Amino acid sequence: MPKKISTTRGLKVGDLVYHLLYGKSWVGILLDLKEESNGLSAPREVGLVQVQPGTDYSDFFKKNVSKKYRVSDNMGYVSLSWLFKLE
């Protein structure tokens, strides 16, 4: 069963989020949460985000993300350390 609430950030599936580096003009909806392990390092939480159409970064995943984390041009995985809930 997919995780519904982030244990470290308190983000929930369905939250509108923005990216720390790109600000509030980068708006997406959090669709899923999972833990990703990179060998010996501690697992990190990543979220499946769909960037909202019509925003400045609607094709963010097409241009700025490796194929490993890209699902489509406007959907992919982002580390939760970069995401904040849009209030």
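Predicted model only: the values in this text are computed from it and were never measured. Atom set for the values below is all heavy atoms of this structure, side chains included, hydrogens, waters and symmetry mates excluded.
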Worksheet item: Out of curiosity, W26 CH2 to Y57 OH, how far, rounded to the nearest 0.5 Å?
Response: 11.0 Å
Discussion item. Keeping R70 on the side-chain end and V65 on the backbone end, is there a donor-acceptor pair under 3.5 Å?
Written reply: yes
Fill in: pair N74-Q50: side-chain heavy atoms closer than 4.5 Å
yes
Discussion item. Tell me every residue that passes side-chain contact (heavy atoms from CB on, under 4.5 Å) with D15, counting only those two or more places apart in sequence or in another chain.
Written reply: L11, K12, V17, K85
Discussion item. On a heavy-atom basis, which atom in S25 and which in D56 lie closest, and how many Å separate them?
Written reply: CB-OD2, 3.5 Å
Worksheet, complete the sentence: Heavy-atom closest pair (V49 atom, G28 atom, distance to 0.1 Å) is CG1-CA, 3.9 Å
Worksheet item: Is the backbone of K34 close enough, under 3.5 Å, to the side chain of E36 for a donor and an acceptor to pair up by distance?
Response: no
Discussion item. Applying side-chain contact (heavy atoms from CB on, under 4.5 Å), can you list everything that pairs with L16, at least two apart in sequence or on another chain?
Written reply: V27, I29, L86
Worksheet item: Per the side-chain contact (heavy atoms from CB on, under 4.5 Å) rule, which among L30, V13, L80, L83 passes with S6?
Response: L80
Worksheet item: With sequence neighbours left out, what residues match D59 under salt bridge (charged side-chain N to carboxylate O under 4.0 Å, His left out)?
Response: K63
Discussion item. When you compare the side chain of V71 with that of F61, does any pair of heavy atoms fall below 4.5 Å?
Written reply: no
Worksheet item: Roughly how far, to the nearest 0.5 Å, is OG of S81 from CZ of R44?
Response: 7.0 Å
Discussion item. Return the CG to CH2 distance between L21 and W82, rounded to the nearest 0.5 Å.
Written reply: 4.0 Å
Discussion item. For S58 versus P53, what's the shortest heavy-atom pair and its separation?
Written reply: CB-CA, 4.2 Å
Worksheet item: F60 vs H19 aromatic rings, parallel, tilted or perpendicular, using cut-offs 30° and 60°?
Response: tilted
Item to complete: Look up atom CG in L31 and atom CG in L48, then write down how far apart they are to the nearest 0.5 Å.
Response: 5.0 Å
